Structure formats: C-alpha cells, structure tokens
Amino acid sequence: MPGSLREQIYEVVRRIPAGKVATYGQVATLAGARGHARQVGYALHGLPDGADVPWHRVINARGQISLRNSPGSGADQKRLLEAEGVEFDHLERIDLSRFRWRARPMPWE
DNA sequence: TGCTTGACATAAT
DNA sequence: CATTATGCCAAGC
C-alpha cells in the first residue's frame, strides 16, 4: 500500500538515473525520512526478484557496496554499475564526488 | 505487545 | 580518508 515508508523508498530509488549512485541516507532523506537510512537497506533487502527498482545504484556513505559486508553478493552489483559508467577503484569504491546523484540541493545546506 | 536485529549515518578520534 | 562509538526507526519473531 502506497504511503508506506518502504514504498516511498522504492519510488526514490526508481528516480536514480543510470550512471549515478545515491547513498542510503540520501534516499532516506528524499523519501521524507531523514535519518532512516537503515530502513532503506531493510526495504531493499525485502525487494522481490522482479521489481523494477535499481537497488544496485544504492550504496553506503563510504561509496562502497554494502550488502552485508559480503564481497561475493555485491560482485553482481558492481558489474551492473560498471555497465552504467560508474568507475571503481582498487577497494571496490566509487568516487562519490563525481557519481553521487544530485536530486535536489537540500541536504547540502 | 515487547525485545532483538538490521543492504546505515553522522560525529568524534 | 579509516575506525570507533552512538543514535535513529521499522520489520521480524
């Protein structure tokens, strides 16, 4: 049912353009829930397999893939991001200075 | 109905 | 920029 925080999170994630990434905190803020970053991850965790939600574009504030700190599970995600033009470094990290999605100049203050 | 867990963020060190 | 400590809230059991 729409209106749920989970559904709101899905909507925000759908707005992330290809080639860009967003942090959990940013998604939470855009979803209208400042500080509920954990819920974003939890919502994505419960995502069905056929959902049209680019969850792979959602990463943690460190610019790394965070599925549970498990490298194997995030290998596929990294590949998807690379296919969209996102660059990774040796530590599997993304340069947020360039790939961070700027939806709206709000949290910058 | 109440306690535990969790794809994290932010501030301080 | 990395690590440690603390806080936030919803979903699961």
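Residue numbers start from 1 in every chain, and the chains themselves are labelled A, B, ... in the order their sequence lines are given, proteins ahead of strands. Predicted model, so just to flag it, every value in this text is computed and none were measured.
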| query | Just wondering, do A/Ile65 and A/Glu92 contact through their side chains at under 4.5 Å, heavy atoms? | reply |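 Sidechains of A/Ile65 and A/Glu92: no contact.
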
| Considering only heavy atoms from C-beta outward, does the side chain of A/Val21 approach that of A/Trp101 to under 4.5 Å? | no

| task | Using side-chain contact (heavy atoms from CB on, under 4.5 Å) as the criterion, point out the one residue from A/Arg100, A/Gln64, A/Gln77 that pairs with A/Ile59. | result | A/Gln77

Please write out the pairs of protein N or O atoms and N or O atoms of nucleotides 4-8 of chain C separated by less than 3.5 Å, giving the distance to one decimal.
residue	atom	partner	partner atom	Å
C/dG7	O6	A/Arg38	NH1	3.4
C/dC8	N3	A/Arg38	NH1	3.2
C/dC8	N4	A/Arg38	NH1	3.3

Once you round it to whole Å, what is the distance between [atom2] of [N] and [atom1] of [X]?
X: A/Arg34; N: B/dT10; atom1: CZ; atom2: C1'; value: 9 Å
X: A/Leu30; N: B/dA9; atom1: CG; atom2: P; value: 13 Å
X: A/Arg6; N: B/dG6; atom1: CZ; atom2: P; value: 16 Å
X: A/Asp89; N: C/dC1; atom1: CG; atom2: P; value: 10 Å
X: A/Asn60; N: B/dG6; atom1: CG; atom2: C1'; value: 14 Å
X: A/Gln39; N: B/dT4; atom1: CD; atom2: C1'; value: 14 Å
X: A/Leu5; N: B/dC8; atom1: CG; atom2: P; value: 16 Å
X: A/Ile9; N: B/dG6; atom1: CD1; atom2: P; value: 18 Å

| said: Tell me whether A/Tyr42 shares a hydrophobic cluster with A/Val13, the cluster being built from Ile, Leu, Val, Met, Phe, Trp, Tyr side chains joined at under 4.5 Å. | reply: no

| message | Assuming nearest nucleotide by heavy-atom distance, tell me which of A/Tyr42 and A/Ser97 is located more 5' along DNA chain C. | response | A/Ser97

| Any donor-acceptor pair under 3.5 Å linking the side chain of A/Glu84 with the backbone of A/Arg79? | no

| task | In plain terms, say whether A/Arg14 and A/Glu11 are close enough for a salt bridge, that is, a side-chain N and a carboxylate O under 4.0 Å apart. | result | yes

